[in-house]
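Remember, it's 1-based here, ligands and their atoms both numbered in the order they're listed. Because only heavy atoms are used, hydrogens play no part in the values below, and waters and symmetry mates are left out as well, while side chains stay in.
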Amino acid sequence: MTKTEKCRSLVLVLGDQLSTDLSSLKRADPDRDTVLMAEVMAEATYVRHHKKKIAFLFSAMRHFAEELKEAGWTVDYVKLDDPDNTGSFKGEVQRACGRLRPEQILVTEPGEWRVLEDMRSWSDAFDLPVEILTDTRFFSTVADFRAWADGRKQLRMEYFYREMRRSTGLLMDGDKPAGGKWNYDAANRKPAKPDLFMPEPKRFTPDAITREVLEMVGERFSGHIGDLEPFWFAVTRKDAEKACDHFLTEALADFGTYQDAMLSGRKFLFHSVLSAYLNAGLLDAKALCRKVEEAWQADKVPLNAAEGFIRQIVGWREYVRGIYWLKMPDYVDSNALGADRPLPDFYWTGKTRMRCLAEAIGQTLEEAYAHHIQRLMLTGNFALLAGVRPKDVHEWYLMVYADAYEWVEAPNTIGMSQFADGGLLGSKPYVSSGNYIDKMSDYCGACSYDVRQKTGSEACPFNALYWDFLDRNRKVLQGNPRLAQPYASWDRMKQSRQKDLKESAADFRKRLFDGEEV
Ligand SMILES: Cc1cc2nc3c(=O)[nH]c(=O)nc-3n(C[C@H](O)[C@H](O)[C@H](O)COP(=O)(O)OP(=O)(O)OC[C@H]3O[C@@H](n4cnc5c(N)ncnc54)[C@H](O)[C@@H]3O)c2cc1C
Ligand code: SF4
């Protein structure tokens with residue numbers, strides 16, 4: 001088919017839909033339909049994404065377009081630097097309709113509310129039928145989650161997860177969970193020792209396509225956050241599967257045990273580093289979970305590792321997506337605790353005397369990656385304790401991680417990390433003093449603050465901030481049964497002690513928000 005010939009369906013494939021199993025591609029016919037893929041400025045800049053994230057997606061898109069062409073598809077690919085590129089999905093679909101005169105537009109539902117709203121306007125705008133298909137890459141649909149949530153007072157992940165285990169049959173022994181328990185989290189809280197052998201994620205050398213993208217991103221997005229190189233991500237399904245197999249053989253066995261650990265200079269520990277591949281479509285979540293189950297069945301990994309990993313995917317990943325679509329569009333504006341301070345400057349530079357945050361933010365700038373406990377108990381915990389506006393925190397997370405798309409990032413940030421939804425997603429705020437960080441990491445030994453001191457300018461800032469946070473937010477939080485014990489401890493403290501803690505926190509917050517280096 002030549003470019004000016006009329007095609008039947010125009011199939012728009014988005015940058016996080018890079019799978020030949022995509023519902024829109026399954027519906028389409030390579031002999032009659034045309035695939036449209038477009039690198040658009042609006043998507044690369046609506047928040048100023050990390051350079052590595054932009055390069056990963058554009059390179060993976062270009063590789064996927066080649067894969068589709070080899071499989072016999074006609075692909076209309078618009079590069080970012082194409083002089084005619086209008087810079088938006090709507091503009092590019094309109095141009096493609098002019099070129100190809102399709103009878104209809106087919107697209108798999110996007111991962112962001114903003115984009116879905118835009119797509120809903122296309123039928124009128126282009127006077128064409130626009131079919132928005134269910135994304136079948138997930139275990140559950142948006143409608144399934146809505147049905148599960150309907151009429152429930154609480155939407156706890158654990159109960160959703162059990163339903164998912166039953167419906168997928170993963171790690172099930174008839175109608176009972178394998179090993180007799182649904183959740184082996186209690187076995188998964190071990191700190192790691194620095195001398196423990198730790199595998200590194202599989203790295204890939206950039207090919208000519210990736211090098212061209214790196215050059216373009218370096219030129220056009222120089223003002224965006226983060227280091228562009230070294231760039232070692234997989235950008236094809238074949239390589240993402242190699243990274244996955246490497247994780248299964250090298251790291252999965254210890255994934256559960258050290259899931260909550262943090263160590264200086266060890267950016268990945270036993271984490272899979274597969275989220276960017278899963279979320280972009282290079283890896284299939286269903287196939288991955290089956291492989292993990294098989295590894296356990298073959299006695300290659302213990303049950304706490306297999307269950308811990310599968311829970312992250314069929315539990316958390318599916319659950320946060322359900323929450324996102326259930327609660328948008330207002331969800332990202334939630335602010336149950338009325339936090340109103342701006343994001344501290346060091347989130348953009350990593351320059352802080354707090355060793356733990358310098359490590360987590362430093363590796364985020366380098367790799368567009370931090371593991372879960374760093375996101376939750378370091379950058380998230382600190383922002384919550386300091387009283388930063390949840391929307392600022394949300395935009396930062398959306399920007400800096402290569403795996404960040406609003407459907408997965410927003411519930412994790414707004415709900416789990418910042419408690420801004422008032423406890424819809426988490427039963428209590430994830431806050432801690434320096435003690436927890438000291439127990440789970442080796443950061444404190446090399447820190448210029450003293451984790452054992454509670455007040456004063458040399459004390460670990462997390463300590464006074466923790467108590468000040470509880471006191472400041474007492475009205476909203478004190479009825480929470482899971483906070484009964486810390487409130488009882490606070491109430492037992494002498495007033496002079498409480499005063500010292502509050503003054504220490506106030507002094508630290510003043511210096512922090514005045515822009516001093518803390
Ligand atoms: C504040 C905050 C923001 C986050 N933002 C994102 C985000 O933008 N994108 C994203 O994919 N994850 C996000 N997460 C969840 C989690 O931190 C990342 O999925 C994980 O760190 C990715 O690294 P990994 O692939 O090595 O994960 P592993 O630790 O190896 O976990 C395996 C897989 O489980 C899934 N997973 C684990 N935890 C979660 C979770 N809480 N929610 C959804 N999926 C999960 C991921 O697909 C991950 O690849 C966020 C967590 C927090 C606390
Ligand atoms: S002492 Fe406090 S600020 Fe320093 S690394 Fe430990 S927890 Fe972080």
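- Ligand-side atoms of ligand 1 in range of Ser275: 11 (O), 22 (C), 23 (O), 25 (O), 49 (O), range being under 4.0 angstrom from any heavy atom.
- One finds a salt bridge joining Arg452 and Asp450 here, because a Lys/Arg side-chain nitrogen approaches an Asp/Glu carboxylate oxygen to under 4.0 Å.
- The closest donor-acceptor contact from the side chain of Asn412 to the backbone of Val408 lies under 3.5 Å.
- When non-hydrogen atoms are compared, ligand 1 lies under 4.0 Å from neither the backbone nor the side chain of Phe268.
- Looking at Pro461, Cys444, Gly445, it is Cys444 that brings a heavy atom closest to atom 6 (Fe) of ligand 2.
- Using a non-hydrogen distance threshold of 4.0 Å, Ala285 does not register as a contact of ligand 1.
- Note that CG of Leu18 is 5.5 Å distant from CG of Leu282, once rounded to the nearest 0.5 Å.
- Formation of a donor-acceptor pair under 3.5 Å by the Asn183 side chain with backbone atoms of Asp185 is found in this model.
- Of the protein's heavy atoms, Cys460 SG, 2.3 Å lies nearest to atom 2 (Fe) of ligand 2.
- The protein atom (non-hydrogen) at minimum distance from atom 17 (O) of ligand 1 is His372 ND1, 2.9 Å.
- Side-chain atoms of Tyr319 do not come within 3.5 Å of backbone N or O of Glu158 as any donor-acceptor pair.
- Taking the side chain as every heavy atom from C-beta outward, Phe233 and Lys52 approach each other to under 4.5 Å.
- For ligand 1, none of its N or O atoms has an N or O atom of Trp316 under 3.5 Å away.
- Heavy-atom distances between Phe255 and ligand 1 reach below 4.0 Å in at least one pair.
- Considering backbone and side-chain N/O atoms, His371 never comes within less than 3.5 Å of an N/O atom of ligand 1.
- In this structure, the side chain of Gln418 engages the main chain of Gly380 through a donor-acceptor pair within 3.5 Å.
- Arg114 has a carboxylate O that lies under 4.0 Å from a charged side-chain N of Glu43, or vice versa, which qualifies the two as a salt bridge.
- Among protein heavy atoms, atom 8 (Fe) of ligand 2 sits closest to Cys356 SG, 2.4 Å.
- With hydrogens left out, the protein atom closest to atom 4 (Fe) of ligand 2 is Cys447 SG, 2.3 Å, a heavy atom.
- Side-chain N or O atoms of Glu318 include one that pairs as donor or acceptor with a backbone N or O of Phe139 at under 3.5 Å.
- Proximity of Tyr369 to ligand 1 is established by a heavy-atom distance of less than 4.0 Å.
- Only the side chain of Leu278 comes within contact range of ligand 1, with a heavy atom under 4.0 Å; no backbone atom does.
- Considering Phe469, Trp396, Phe346 in turn, Phe346 is the only one that fulfils the ring-ring contact (aromatic ring centres under 6.0 Å, His included) rule with Phe382.
- Applying side chain to side chain contact (heavy atoms under 4.5 Å, CB included) to Thr108 and the options Leu14, Val13, Leu22, Asp16 leaves one that passes, Leu22.
- Contacts of Ser417 with ligand 1, taken as heavy-atom pairs under 4.0 Å, involve the side chain alone.
- The ligand atoms of ligand 2 that sit less than 4.0 angstrom from a heavy atom of Ile437 are 7 (S).
- Between Tyr401 and ligand 1 there is no heavy-atom distance shorter than 4.0 Å.
- At a heavy-atom cutoff of 4.0 Å, ligand 1 is contacted by the side chain of Met416 but not by its backbone.
- Remark: among candidates His271, Glu409, Arg375, the nearest residue to atom 13 (C) of ligand 1 is Arg375, based on non-hydrogen atoms.
- Neither the backbone nor the side chain of Thr379 comes within contact range of ligand 1; no heavy atom lies under 4.0 Å.
- With a 6.0 Å cutoff to the six-membered ring centre and a 45° limit on the axis angle, Arg375 counts as a cation-pi contact of Tyr401.
- Atoms of ligand 1 lying under 4.0 Å from at least one heavy atom of Thr413, given by number and element, are 1 (C), 3 (C).
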